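Computation of the quantities below employed the complete heavy-atom set of this structure, encompassing side-chain atoms and omitting hydrogens, waters and symmetry-equivalent molecules. In this text the structure is predicted, and so the values were computed from the model without any measurement. So that the names make sense, note that chain A is the first sequence line, chain B the second, and so on, each numbered from 1.
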Protein chains: 2
Amino acid sequence: MVEKRTRLSRDQVLAAGVELADAVGIEALTMRKLGEALDVKAMSLYHHVANKEQLLDGMTDLVFAEIDLPDDTDWRTSMRVRAFSARTAMGRHPWALRLMGSRTTPGEATVRHHNAVLGVLRRAGFPLALAAHAFSVLDAYIYGFAVQEQSLPFDTEEAPTELAQAILAQFPTDRYPYLAELTARYVESHDYNYAQEFTFGLDLILDGLERALTVGAAAYTPARE
Amino acid sequence: MVEKRTRLSRDQVLAAGVELADAVGIEALTMRKLGEALDVKAMSLYHHVANKEQLLDGMTDLVFAEIDLPDDTDWRTSMRVRAFSARTAMGRHPWALRLMGSRTTPGEATVRHHNAVLGVLRRAGFPLALAAHAFSVLDAYIYGFAVQEQSLPFDTEEAPTELAQAILAQFPTDRYPYLAELTARYVESHDYNYAQEFTFGLDLILDGLERALTVGAAAYTPARE
DNA sequence: GTTGTAAACTTACTTTGTAAGAATGAGGCT
DNA sequence: AGCCTCATTCTTACAAAGTAAGTTTACAAC
């Protein structure tokens, strides 16, 4: 009659954490609720994670693991693919974004990912300093864009730009003419979409990097390299 | 003998919140501690802010107010100045960064700032769509960079790169050769610094925007404009 | 069986946000 | 002056959450 109780593993706990956070949001993810989801009391979780912090670290790393590692087609498309992949993963797990901002100890997937990105760049001929720069711009942009995308009320299926207007309406609209213009036009012509916005910035950055690589490779290469 | 009790105002509460968060970190900012700092019981704060959420919203907006508004010198230096100013403000209030990621209702300073940025771009001749794109890339980059800068252990006065190595050392170093190379070289040549990293990406983006503005202005301008 | 040990449970404490209502006190009205 | 009013502050209290400490359970090797 009693169901066979399968023992929990750390991986199961982390996976359930991701699932629960996806479902109810990260702020509603409590140890007790996670326990319930796993059919276990809250305190049992502490045999698999040291504390909630570590649980969140692990969950963050799981999300990182979802991002495609760049392969060795040319560096440009490789970076492009991983950028889109990262954006998709963030879209799947909105909470992960905010966690990444607060977490300081990267997990294994995170490290692996960073290493792979650097590898692609280095093998494509980026001098070390330029590779570091490229990594920095790209990551900052991808991350920053994803955060914006989620903070802003655009692009949601429900109430696409109405919310934006509601927010703006709180303030004397005529004092912020440029913002008003922007939102007005977007209400009017609904062809604005975030995917294309993302692409613009990404390609702009990739263009810049390409130029830096071909034109200025010498400049970025220290004498000894 | 009894000191004259000056009445609290919402502004005082927000300002004290910022100060306290700067001092002890955002996670240690509790209503009770904030009350103490203002020589008042926790519940008294609720006459000036509806709840803690709103307090954090207000604090975030205060930080935004610290960022210089762009003026109408040429758009490029204008954007550059505000980018550095934003980075500085974030540096002063590290917690604000993470808050911005979670807060969805922008305050007045935030709206004013966004409007001013758009204004500079529009007056400099950016077609609306391009202005929107420019705004998006720049903000994503500035924000994303600031987050990275604070998550990563580089650039801190104490233990500049040692922490980075400690983290990396958790994993089999030879499995992540490119990361190892990066950190190793930075230990060796200590001339790496984040300010210059920030500048690289920023100028790269500004270059790209300039090109888009001059070369491709026609392309971004819809027929009716 | 006996026993050792990892996993799960029970209980309980602390910290935090905040609801509800009582006390206080400053400014205006008569 | 005396009183009213109402914003501000305080008191008390509760519920939710993280987690410490110690106990129980159950499987596995002898």
Side-chain angles (χ1 to χ4, degrees), chain A residues 1-61 95-96 98-99 102-105, chain B residues 1-62 95-96 98-99 101-105:
Chain A
M1 207 63 240
V2 180
E3 301 168 19
K4 170 159 198 163
R5 171 178 282 304
T6 38
R7 307 281 263 253
L8 237 44
S9 70
R10 180 189 162 92
D11 287 345
Q12 283 174 66
V13 172
L14 296 183
V18 170
E19 198 178 342
L20 189 55
D22 285 349
V24 302
I26 195 70
E27 61 291 320
L29 172 72
T30 72
M31 296 305 271
R32 291 175 226 259
K33 290 227 193 83
L34 181 55
E36 254 173 61
L38 287 164
D39 220 4
V40 134
K41 292 292 147 66
M43 286 313 289
S44 304
L45 301 173
Y46 285 90
H47 268 266
H48 303 99
V49 288
N51 47 39
K52 197 178 183 183
E53 283 286 287
Q54 204 175 92
L55 169 71
L56 297 179
D57 282 341
M59 288 168 54
T60 305
D61 202 49
W95 47 269
R98 281 176 292 162
L99 284 189
S102 9
R103 245 104 279 294
T104 55
T105 45
Chain B
M1 211 61 239
V2 179
E3 301 167 18
K4 170 161 200 161
R5 172 176 280 306
T6 37
R7 306 282 263 250
L8 236 44
S9 70
R10 182 189 160 90
D11 286 346
Q12 282 174 68
V13 171
L14 297 183
V18 169
E19 198 178 344
L20 188 55
D22 285 349
V24 304
I26 196 71
E27 61 291 320
L29 172 70
T30 72
M31 297 305 272
R32 291 176 227 261
K33 289 227 195 85
L34 181 55
E36 252 174 63
L38 287 163
D39 219 4
V40 136
K41 293 291 147 66
M43 287 313 290
S44 305
L45 301 173
Y46 285 89
H47 266 267
H48 304 100
V49 288
N51 48 38
K52 196 180 183 182
E53 284 286 286
Q54 204 175 95
L55 168 71
L56 297 179
D57 281 342
M59 287 168 53
T60 305
D61 202 49
L62 263 190
W95 47 269
R98 282 176 292 163
L99 283 190
S102 8
R103 245 104 278 294
T104 55
T105 45

Take atom [atom1] of [X] and atom [atom2] of [N], then tell me their distance rounded to the nearest Å.
| X | N | atom1 | atom2 | value |
| --- | --- | --- | --- | --- |
| M31(B) | dA17(D) | CE | P | 18 Å |
| L34(B) | dT18(C) | CG | C1' | 15 Å |
| K52(B) | dA16(D) | NZ | C1' | 14 Å |
| N51(B) | dA19(C) | CG | P | 8 Å |
| E27(B) | dG17(C) | CD | P | 12 Å |
| R7(B) | dC10(D) | CZ | C1' | 13 Å |
| L55(B) | dG17(C) | CG | P | 10 Å |
| L56(B) | dG17(C) | CG | C1' | 12 Å |

OP1 or OP2 of [N] less than 4.0 angstrom from a side-chain nitrogen or oxygen of [X], does that happen here?
| X | N | answer |
| --- | --- | --- |
| H47(B) | dC10(D) | no |
| S44(B) | dC10(D) | yes |
| H48(B) | dA7(D) | no |

Which listed nucleotide ([options]) is nearest to the side chain of [X]?
| X | options | answer |
| --- | --- | --- |
| T30(A) | dT10(C), dT11(D), dG18(D) | dG18(D) |
| K41(B) | dA8(C), dC10(D), dG18(D) | dC10(D) |
| Y46(B) | dT9(D), dT10(C), dT18(C) | dT18(C) |
| K33(B) | dT16(C), dA17(D), dC9(C) | dT16(C) |
| M43(A) | dT16(C), dT10(C), dG18(D) | dT10(C) |

Quiz item: Side-chain contact, heavy-atom cut-off 4.5 Å: H47(B) with R7(B)?
Solution: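 Side-chain contact under 4.5 Å: no.
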Self-check item: Closest non-hydrogen atom pair, G58(A) against R10(A)
Solution: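 What the structure gives for the nearest pair is CA-NH2, 4.5 Å.
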Practice problem: Look at the side chain of H48(A) and the backbone N and O of L8(A), then say whether any donor-acceptor pair between them is shorter than 3.5 Å. | Solution: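 Between the backbone of L8(A) and the side chain of H48(A) there is a qualifying donor-acceptor contact (under 3.5 Å).
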Self-check item: Heavy-atom donor-acceptor pair, K52(B) side chain to M31(B) backbone, under 3.5 Å
Solution: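 Not at all, since once roles are kept as given, no pair shorter than 3.5 Å links the two residues.
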Practice problem: Look at the side chain of R32(A) against the base of dA17(D) and say whether a donor-acceptor pair falls under 3.5 Å; ignore hydrogens and angles. | Solution: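 It does, because a donor-acceptor pair links the side chain of R32(A) to the base of dA17(D) below 3.5 Å.
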Practice problem: Map E53(B) and L8(A) onto DNA chain C by nearest heavy atom, then report which one ends up closer to the 5' terminus. | Solution: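 Mapping each residue to its closest nucleotide by heavy atoms, the 5'-most match is L8(A).
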Self-check item: Candidates D61(A), T60(A), D57(A) - the one meeting side chain to side chain donor-acceptor pair (under 3.5 Å) with T105(A)
Solution: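 For T105(A), the side chain to side chain donor-acceptor pair (under 3.5 Å) check succeeds only for D57(A).
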